[in-house]
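Protein chains get the first letters and strands the later ones, always in sequence-line order, with residue 1 at the start of each. All values below come from the heavy atoms of this structure, side chains included, with hydrogens, waters and symmetry mates left out.
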2 protein chains.
Amino acid sequence: MTPFDSARARLEGHIDRQGMKHTRQRVQILEVFISARHVTVEELLRAVQEAAPATGAATVYRTLKLFVEAGIAHERNFGDGQARYELAMDDEHHDHLICLDCKVIFEFEEQEIESCQAVVASRHGLTLRSHRHEIYGSCDLREACPRWPAS
Amino acid sequence: MTPFDSARARLEGHIDRQGMKHTRQRVQILEVFISARHVTVEELLRAVQEAAPATGAATVYRTLKLFVEAGIAHERNFGDGQARYELAMDDEHHDHLICLDCKVIFEFEEQEIESCQAVVASRHGLTLRSHRHEIYGSCDLREACPRWPAS
DNA sequence: ATGAATGCAAATAGTTTGCACCTAA
DNA sequence: TTAGGTGCAAACTATTTGCATTCAT
């Protein structure tokens, strides 16, 4: 089962369960979304419009919300004013490390940090619900940079 | 030296260094800002207008940016669509724990998490520059909640 | 047939900017 | 005097919404 198939299965299940309809657009948007990482609505819209030029921005916004409700996408905000979406795979969790120089986005998972968080929450009498953790760094556009020697 | 005095000193220094001007509005906004925590522009504007009704929103936006440049304020975004600002005190750092039920914002500092982050960054060849870490939890509006038994 | 989804355009919300007037230095 | 600041309104950006039309069921 490819990522597309399992995401689609989950989406169709959600659509059926909610008495919604299966549409061409929803599948087309999912197809493009699957092979993208941390896409903005604008990027996704442009890509979708290459196959289906009539697609409207509102549909992409609405469909991404649907993906989030169906549990196949996460919304992210990296502080540049526009939301980004990424595929939500089963029981996988990660946070992000963003390079301020070359804008590369890495994903990381640090069990030690994860467990600290529950402690912090309970210390204040709260039950941990979710979190958001982004680390910003610099690659100085040197060899270590995945885009080196990009402009 | 009160927090207001040291913030004001730093602001005036920045203003002088940049050849800017000292204005009534900047001091008035600082006065209100000092005694607020995680304020939105709207909240700050309303409070400032109680003392100086003619103050415009643009001035508050511009002044908060100035505060950030002067190093006396941090901009925060807790995902509700509007920026919040808080006083930046010397060599103090903290992250946030937000209650999804009662909206209380706690501050926390966890040295273990801090040091993990540099490791994560270097693991990917980056130098740590900054980070953003928010933990979201629930108080279930019970006794532990600082606003209990609020509505 | 009929109700939900789409696409467009208009509406919002938060923030920024242009510009005439004001004010600190 | 004069550059920088302010206040207002208009512009902008990302996103949402109203509505007539289209499409899935």
Rounded interatomic separation in angstrom, taking CG from Leu64(A) and C1' from dT15(D): 12 Å
Between C1' of dA5(C) and CZ of Phe67(A), the distance in whole Å: 14 Å
Does OP1 or OP2 of dT6(C) have a side-chain N or O of Thr23(A) closer than 4.0 Å? yes
It should be established whether Tyr61(B) places a side-chain nitrogen or oxygen under 4.0 Å from OP1 or OP2 of nucleotide dT15(C). yes
Rounded off to whole Å, could you give me the CZ-to-P distance for the Phe78(A) and dA14(D) pair? 17 Å
Sugar-phosphate, base or nothing in reach of Ala57(A), heavy atoms under 4.0 Å: nothing
Nearest to side-chain heavy atoms of Lys21(A), which nucleotide of dT25(D), dC8(C), dT15(C): dT25(D)
Length of the line joining Leu45(B):CG and dT6(D):P, which is rounded to integer Å: 13 Å
Side-chain donor/acceptor of Arg24(B) to base of dG5(D), under 3.5 Å: no
Nearest-Å distance for atom pair CG/C1', residues Leu66(A) and dT16(D): 16 Å
Do the side chain of Arg62(B) and the base of dG7(D) come within less than 3.5 angstrom through a donor-acceptor pair of N or O atoms? yes
Does this structure show an ion pair linking Glu86(A) with Arg76(A), if we count only N-O contacts that are shorter than 4.0 Å? yes
Verify the contact: side-chain N or O of Gln25(B) to OP1 or OP2 of dG7(D), cut-off strictly under 4.0 Å; return yes or no. yes
For Ile29(B) and dT6(D), give me the distance from atom CD1 to atom C1', rounded to whole Å. 10 Å
Presence of salt bridge, Glu12(A) and Arg10(A), under 4.0 angstrom: no
For the pair Phe67(B) and Phe33(B), name the ring-plane relationship: parallel under 30°, tilted 30 to 60°, perpendicular over 60°. tilted
Without decimals, in angstroms, what is the distance between Ile15(A) CD1 and dG3(C) P? 20 Å
Return the set of residues passing salt bridge (charged side-chain N to carboxylate O under 4.0 Å, His left out) with Asp5(A) (not counting sequence neighbours), or none when no residue passes. none
Smallest separation among heavy atoms of Arg26(A) and Lys21(A), with atom names: NH1-O, 2.7 Å
Between Met20(B) and Val41(B), the residue closer to the 5' end of DNA chain C by nearest nucleotide is Val41(B)
Take the protein atom CG of Asn77(B) and the nucleotide atom C1' of dA14(D), then report the distance between them rounded to whole Å. 14 Å
